[in-house]
Amino acid sequence: MSDRLWNSPEPDGAYDVVIVGGGGHGIATAYYLAKNHGITNVAVLEKGWLAGGNMARNTTIIRSNYLWDESAGIYEHALKLWEGLEDELGYDLLFSQRGVLNLAHSLQDVRDGVRRVNANRLNGVDAEWLDPAQVKEVCPIVETSPDVRYPVLGATYQPRGGIAKHDYVAWGYARAASALGVHFVEHCEVTGLEVSGGRVRAVETTRGRIAAGRVALSAAGHSSVVAGMAGVRLPVQSHTLQALVSDLLEPVHPTVVMSNAVHVYVSQAHKGELVMGAGIDAANSYRRRGAFHIIERQMAAALELFPCFARAHVLRTWGGVVDVSPDASPIVGLTPVDGLYVNCGWGTGGFKATPGVGWCYAHTIATGEPHPLNAPFTLDRFTTGALVDEHGAAAVAH
Amino acid sequence: MTRRDREVLSFTFDGRPYEGRQGDTLAAALLANGVRRVATSVTLGRPRGIFGAWTEDPTAVVQIDRPFPEPMVQATTIPLHDGLAASSLAGRGRLSPDPDPARYDATHAHCDVLVVGAGPAGLTAALNAARAGARVILADDRPEVGGSLPDTGEPVEGRPGVEWARAAAGSYVALPDTRLLTRTSVVGYYDHNYLVAVERRGERAVTRERVWRIRAGRVVLATGAHERPIAFAGNDLPGVMLASAARAYVNRYGVVPGRRAAVFTTGGGSGDAAHDAARDLAAAGVEIAEIVDARQGGLVTGVRGDGEVRAVLIGRPGGPAREVEADLLLVSGGWNPVVHLFAQAGGELRYDDRIAAFVPGRPPEGGQSVQVIGAARGVFTTAGCVAEGLAATSPPDLPSTVTRSSRESRVPVDASAPGDAPAREDAGPSGEAGAQPLWLVPADDYTTHFVDLQRDVTVADLQGATSAGLRSVEHVKRYTTAGTAHDQGKTSGTLTSAVIAHLLGVDVGALGTTTFRAPYVPVSFATLAGRDRGALHDPVRVTAMHDRHVERNAVFENVGQWKRPRYYPLPGEDMEAAVLRECRAVREAAGVLDASTLGKIDVRGPDAAELLDRLYTNMISTLKVGAIRYGVMCRADGMVFDDGTVIRLAPDHFLVTTTTGNAAAVLDWMEEWLQTEWPDLRARCTSVTEQWATVALAGPGSRAVLAALAPALAVDAESFPFMTWRDTEVAGIEARVCRISFSGELAYEINVSWWYGQALWDAVLATGTVTPYGTEAMHVLRAEKGYPIIGQDTDGTVTPADLGMDWIVSKKKPDFVGKRSHARADTARPDRRRLVGLLPEDPDVLLPEGGQVISTGHLPPPPVPMLGHVTSSYRSAALGRTFALALVAGGGNRLGDRLYVPVNDTLIPVTVAHHVLYDPESTRRDG
Amino acid sequence: MLLIPCPWCGPRDEAEFHYGGQAHVAYPADPAALTDEEWARYLFFRDNPMGPFSERWNHTSGCRRWFTVTRDTTTNAITPETSR
Ligand SMILES: Cc1cc2nc3c(=O)[nH]c(=O)nc-3n(C[C@H](O)[C@H](O)[C@H](O)COP(=O)(O)OP(=O)(O)OC[C@H]3O[C@@H](n4cnc5c(N)ncnc54)[C@H](O)[C@@H]3O)c2cc1C
Ligand SMILES: [Zn+2]
């Protein structure tokens, strides 16, 4: 493949599949449609610059140590794909399996952590329970003294977890999909969905009408808006989620640390900056600017866990718009409208799923049936009550 | 004061001692000592010098070693102080492993007008607003007022600029309700005119840095402009410097940055800034070798020198170059208004061809009130800036916002004035700018034409990005990392956009800039964390008896914010021994638990019973005065949310208890339903958690203890039956005694005013027959009886039926919160996970809490089907064995089955039992 | 840090409030009469508009009253809704 990353052509008048939203999920889906299913007459329509949404804003934590079988299934499938992705795409993704620690600060955190480790192992997901001394071995800069306000009582550890460079992931997929014939149309906002006879027929865009055999929504924080264009209501709410980076530092932080109880998650990226996520803004929002008190709290929590970060500097803060579902699990599958598919609800944690969701969503679109791994994540579960509740017990947002 | 008159300060750089002067920055002092190479670039390892003079500098990023290590600080902003030690870096800093000894804090401020920038425009605006009676805050990141005046030495209103600025500031601070914050960077502009500033109070101040959280009625941004570089070969070599920076070193610090200088300018700025700089340098004794003016076709095509500039190459691209000897090259590629805060506020920028720069365009929406004046919107003359300052804060421009937020308005109200003053798009920047946009000097090879000197990004890198097909500045930024360093693109941003536009053949205005993000300058984590650390990170809540627990060497557990004694080890006892002993004491004699942390909510009103009927799954309204009932609450989704007791004090008066961790949430829950769904219900809820201290007295011996302490109370089982309460005196203290039990034993909960909690505790223990027990023993005892702990045996996915508590779900009530959800397909499924007991076949083996339960005696390959998990697991003194509670699929139908709990590589066989393992007939509760 | 107009206390910092999501979603008069689907709509489905949104806030650290405002989710411009 050439140095060129992807083509940005004028859109054709019609495609077999139109994907709405050129984030990581939309791009990966296009790639697997072409690669796994031979469907190449595909356009990914992106209202801004390609992968400029949450894909460009997340803290890139990758792990598959979710509690419930349904989640472990799709996230572990994703992690397995991550493990071969650089070779498959022929692109350096800075994928680094440096391990992910989820710290426990209360006896209940410990129970929940042990429960998750046990469940993970039985599901074939690598997982270990570490005591504070072992936490210190994995990450020497974590404060493990028993004398702090919320001492570290232990941690779950997934050695295969880690980080990757989000932009490179998007570009690597886009480059490979482009080579297979997929069109990436940037600055093309979908403004309407044409539905007749219970079937989706076309999309209206700021660059004109585009007929479509099938339409696959993958608009993350804007999912409610685009689904609403076809009269489909989704149980998701959009919120601003912030993150920040520090200046470049000599290596100090060898792994990824997440702590739900004190709201910290941090890794040190390849160049040397600390990448940290902050809490979610309470109120619904489509703004990419969050509130500053969230950042202040985040810093206080960070220093409780990592006193040595005191004089690191915040260089840049930003926000993304995430789509939060009632059970902190995604919605991937069919909609009441024929030919219209939905992928949303990944909230604060969908980056890690990019290869997995791309794979399964492509299958769903190509065959008209959910892939077994996304079958539990239907819209229907909200009616039956068969939720996949990942907040209670997994207790970690990313 | 001239430099010579200022105090001498000693410092070291890279271990070598130097002297500087009071008022210097580290960069100024280094230049004064002839140190010009201060860093090495991050990827290419090229020498880096001092390029700017303040926060715009991209190159001189150093490590501070003393007084306390701080990574990656711009030498151009470090105030020199005696004993400072710093060293050069290769693009990455080092954190100290030692705790930061400095103190940081935060404060809130409110004002009618916040003026950012104390240059001629800002000072004028602040003074004028204050004179009009507004409450004003004027913030500037420099140690002294005047903005660029000390750099340029320009006069204002006929007076020397510095003198004018000091006089204006003096008049300003003399007015009431004014505040001048110097050394204070406004770093973020947030919604609803909320701004965040960081005050740098100095290494010797009690508080090293302080965060100001400012809510302003109106914001005037007078943040000035940054000079920008030009991309030419070798433009990163130490000795290449912004013309404005060189001028600042000469005029502000009295430091001569070189001996012989060449100047490369595109023109622009007030008068002609680069020429003025040359004039000032010449006056300070610097020989001006040549002024290369792009407007006259002059071009600098490169520099020569090994590690520092020795000569400048002047000529035409491709043609022969003249080599002019010089150790300093001043560059002036035009000026970029400092639009960061305006953009952060949500304002849109527009490209102004007249000054070849981005200027404020459409003002932000949504509750921001901001105006940009002076150089920050491209007005580059001092007189023009003063005029803008006046206009911005003169009625009728001022009052509408001033009166909105000021407490006593002293300004005439002009109702007709528009609400929010827009950033003026109308009157364009003053024409004097006259910049010739020259972004880069054409060449065959662009590998040393730097656009971002800190991130080592060159024009060649930008070419690489565009030839990979990238079309957006955001993509190019990410592909090359341009603009992501310490200066956040202050010098590189517009240049990068312009070069990309040039490469793509598009209009730079259409291409735009990358997003401006807070903070405007880097802020250390510790500053933002402020005092919310250590003990102040989260409040610690303790009960009235806390000191007694400490005296007894209790081991504490955090439960929410509370500290609760987990167990009280005697000398030589480990936790297991202590807990077994405490449990035994309760089952065999009497124990006492501090239960004060349980949430308590007082519910009153004629409709209080109706409210509770709607919120609890069981019937509350039938409860008799004097009686107590256990109750469970569900969320609307039918999952258990909390449990506790409800006691009826009067027909219209209840006291409900909640779990310790959920107290606030339950109160919120009750109030929300009451206010938003059932406002017709006459009921009021009040938290009384900290009004009542509670002592749980449990065990067969508890009746005798209570009888001794409460002589007026008839304690026999008939007079004081289970699930009733009595008011009496206990140990001489007014008390409410409830006969309830969380252990299955005869037990009482004695509630007294919080003030007397410790006295009651002491009195109970003084009987000499009672053993204090902690939360761990309490958990064991309740688990033996099969009582769930919400949050431990439940996880938000568990219904009352799942807990084996169908009996607590009323069939009679038409509705309660959660009822409808219990009828959904999944919630009604018979094979749901249900609470059961698990008895390990080996009675000494303790199952891990969190262990998974499977059905096979061997481990099949993953994914292994899981039936559920162990929620609670203990050693039981009463059962003489270990036991556990677990949620297991189809639980109740598996009684007696053998299941397995995998622990690492072994499978522990367990037998499924009923979840009530101890005294299932409840024979013990009457003692 | 939004500035939220409490109808009883006046404008206060967002940190004093608790968010309550979409306003005007009444608890169904007779939940038992609803289909599972209708009940699911009540439980889990809320509007999520890009633009004006009628939403509830509780002044938790103040008067503890619930009230409604209209806030634009794209600009954060707030207009009070409940009169006292
Ligand atoms: C601060 C932050 C930190 C995070 N950290 C992590 C983490 O550590 N680990 C993790 O796994 N996940 C994380 N996430 C979540 C993760 O980023 C998202 O779940 C994931 O990126 C969502 O999928 P996506 O990449 O397709 O979304 P996006 O990149 O947001 O893609 C959606 C695209 O749809 C486009 N679009 C919307 N409407 C239209 C329209 N009408 N027409 C055309 N296009 C449209 C948008 O412009 C956007 O580009 C984080 C998110 C944020 C904001
Ligand atoms: Zn209020």
Whatever's closer than 4.5 Å to a heavy atom in chain B on Leu274(A) counts as side chain
Answer with side chain, backbone, both or neither: which region of Pro519(B) has an atom nearer than 4.5 Å to a non-hydrogen atom of chain A?
both
Applying salt bridge (Lys or Arg N to Asp or Glu O under 4.0 Å) to Arg208(B) and Glu70(B), what does each step give before you reach the verdict?
CA-CA 13 Å; Arg208(B) 181 171 177 261; Glu70(B) 180 158 348; 2.9 Å; yes
Option in Leu107(A), Leu122(A), Asp247(A) with maximal non-hydrogen atom pairs under 4.5 Å from chain B
Leu122(A)
Between Thr317(A) and Gln242(A), is there a side-chain donor-acceptor contact under 3.5 Å, judged purely by atom types and distance?
no
Between Asn102(A) and Thr156(A), do the side chains contain a donor N or O and an acceptor N or O under 3.5 Å apart?
yes
Note: vs chain B, highest number of non-hydrogen pairs under 4.5 angstrom among Gly124(A), Ala119(A), Gly272(A), Ser106(A) is Ala119(A)
Between Ser259(A) and His105(A): side-chain donor-acceptor atoms closer than 3.5 Å:
yes
Measure Pro860(B) against the heavy atoms of chain A and call it side chain, backbone, both or neither at under 4.5 Å.
neither
Measure Arg381(A) against the heavy atoms of chain B and call it side chain, backbone, both or neither at under 4.5 Å.
neither
Counting only non-hydrogen atoms closer than 4.5 Å, does Asp191(B) touch chain A with its backbone (N, CA, C, O), its side chain (CB onward), both, or neither?
side chain
Max heavy-atom pairs within cutoff under 4.5 Å with chain A, candidates Gln852(B), Arg478(B), Glu849(B), Arg824(B), goes to Arg478(B)
Just list the side-chain donor-acceptor pairs under 3.5 Å for residues 303-310 of chain A, sequence neighbours left out, or say none.
unit_1    : atom_1 : unit_2    : atom_2 : d
Glu304(A) : OE2    : Gly534(B) : N      : 2.7

Take Thr240(A) and Ser285(A) through the side chain to side chain donor-acceptor pair (under 3.5 Å) test and state the conclusion after the steps.
CA-CA 6 Å; Thr240(A) 307; Ser285(A) 180; 3.2 Å; yes
For chain A, which candidate among Ser524(B), Pro863(B), Pro862(B) shows the most heavy-atom pairs at distances under 4.5 Å?
Ser524(B)
In terms of heavy-atom pairs under 4.5 Å with chain B, the winner among Ile295(A), Asp327(A), Leu248(A), Ile141(A) is Leu248(A)
Pick whichever of Leu244(A), Asp147(A), Leu50(A), Val110(A) has the most heavy-atom pairs under 4.5 Å with chain B.
Leu50(A)
Bottom line for Val903(B): the part with an atom under 4.5 Å from chain A's heavy atoms is neither
Could you look at Leu315(A) and say if it's the side chain, the backbone, both or neither that has a heavy atom under 4.5 Å from chain B?
both
Would you mind checking which part of Val252(A) comes under 4.5 Å of any heavy atom in chain B, side chain (CB onward), backbone (N, CA, C, O), both or neither?
side chain
Between His475(B) and Trp49(A), what is the ring plane arrangement, given parallel below 30°, perpendicular above 60°, and tilted in between?
perpendicular
Partner of Thr871(B) under side-chain hydrogen bond (donor to acceptor under 3.5 Å, both in side chains), chosen from Asp793(B), Asp795(B), Thr794(B):
Asp793(B)
Just so I know, are the side chains of Ser246(A) and Glu273(A) near enough to count as touching, which here means a heavy-atom distance under 4.5 Å?
yes
Counting heavy-atom pairs closer than 4.5 Å to chain A, which one of Ser873(B), Ala518(B), Ala825(B) comes out on top?
Ala518(B)
Taking side chain as everything from C-beta outward and backbone as N, CA, C, O, which of these in His166(A) sits under 4.5 Å from a heavy atom of chain B? Side chain, backbone, both or neither.
side chain
Are any non-hydrogen side-chain atoms of Phe292(A) and Leu528(B) less than 4.5 angstrom apart?
yes
Does one side chain, of Thr484(B) or Arg316(A), offer a donor that lies under 3.5 Å from an acceptor on the other?
no
Which answer fits Glu209(B), side chain, backbone, both or neither, if we ask what part of it has an atom under 4.5 Å from a heavy atom of chain A?
neither
Please state whether the side chain, the backbone, both or neither of Thr383(A) comes within less than 4.5 Å of a heavy atom of chain B.
backbone
Give, as side chain, backbone, both or neither, the part of Ala72(A) having an atom under 4.5 angstrom from any heavy atom of chain B.
neither
Looking at Gly638(B), Pro848(B), Ala102(B), Gly346(B), which one has more heavy-atom pairs under 4.5 Å with chain A than the rest?
Gly346(B)
Looking at Ala312(A), Ala386(A), Ala291(A), which one has more heavy-atom pairs under 4.5 Å with chain B than the rest?
Ala312(A)
Do Asp637(B) and Ser821(B) meet the criterion of a side-chain donor-acceptor pair at a distance under 3.5 Å?
no
In terms of ring plane angle, is the pair His537(B) and Tyr150(A) parallel, tilted or perpendicular, where the classes change at 30° and 60°?
perpendicular
Measure Glu76(A) against the heavy atoms of chain B and call it side chain, backbone, both or neither at under 4.5 Å.
neither
Quick check on Gln63(B) against chain A: is it the side chain, the backbone, both or neither that has a heavy atom closer than 4.5 Å?
neither
Under 4.5 Å from a heavy atom of chain A, the part of Leu536(B) involved:
neither
Ala828(B) versus chain A, heavy atoms under 4.5 Å apart: side chain, backbone, both or neither?
neither
Measuring heavy-atom distances to chain B, does Asp167(A) have an atom under 4.5 Å in its side chain, in its backbone, in both, or in neither?
side chain
Against chain A, label Ile64(B) side chain, backbone, both or neither, depending on which of its atoms sit under 4.5 Å from a heavy atom there.
neither
Report the option among Ala90(B), Pro539(B), Ala535(B), Ser467(B) that has the most heavy-atom pairs separated by less than 4.5 Å from atoms of chain A.
Pro539(B)
Heaviest contributor of heavy-atom pairs below 4.5 Å to chain A, chosen from Val901(B), Thr797(B), Thr527(B), is Thr797(B)
Min side-chain heavy-atom separation Gln298(A)-Met276(A) under 4.5 Å:
yes
Looking only at Glu250(A), Glu296(A), Arg149(A), the option with the highest number of non-hydrogen pairs under 4.5 Å against chain B is Arg149(A)
Residue Val540(B) versus chain A: region with a heavy atom under 4.5 Å
both
What class does the angle between the rings of Trp171(A) and Trp6(A) fall in, given that below 30° is parallel, 30 to 60° is tilted and above 60° is perpendicular?
tilted
Mind checking side-chain hydrogen bond (donor to acceptor under 3.5 Å, both in side chains) for Thr515(B) and listing every partner two or more places apart, or none if nothing turns up?
Glu474(B)
Interface moiety of Trp129(A) toward chain B, non-hydrogen atoms closer than 4.5 Å:
neither
State, to 0.1 Å, how close Leu249(A) and Arg92(B) come at their nearest heavy-atom pair, and which atoms those are.
O-CD, 3.4 Å
So, the part of Lys271(A) with a heavy atom under 4.5 Å from chain B: the answer is both
Between Asp112(A) and Arg115(A), does any NZ, NE, NH1 or NH2 come within less than 4.0 Å of an OD or OE carboxylate oxygen?
no
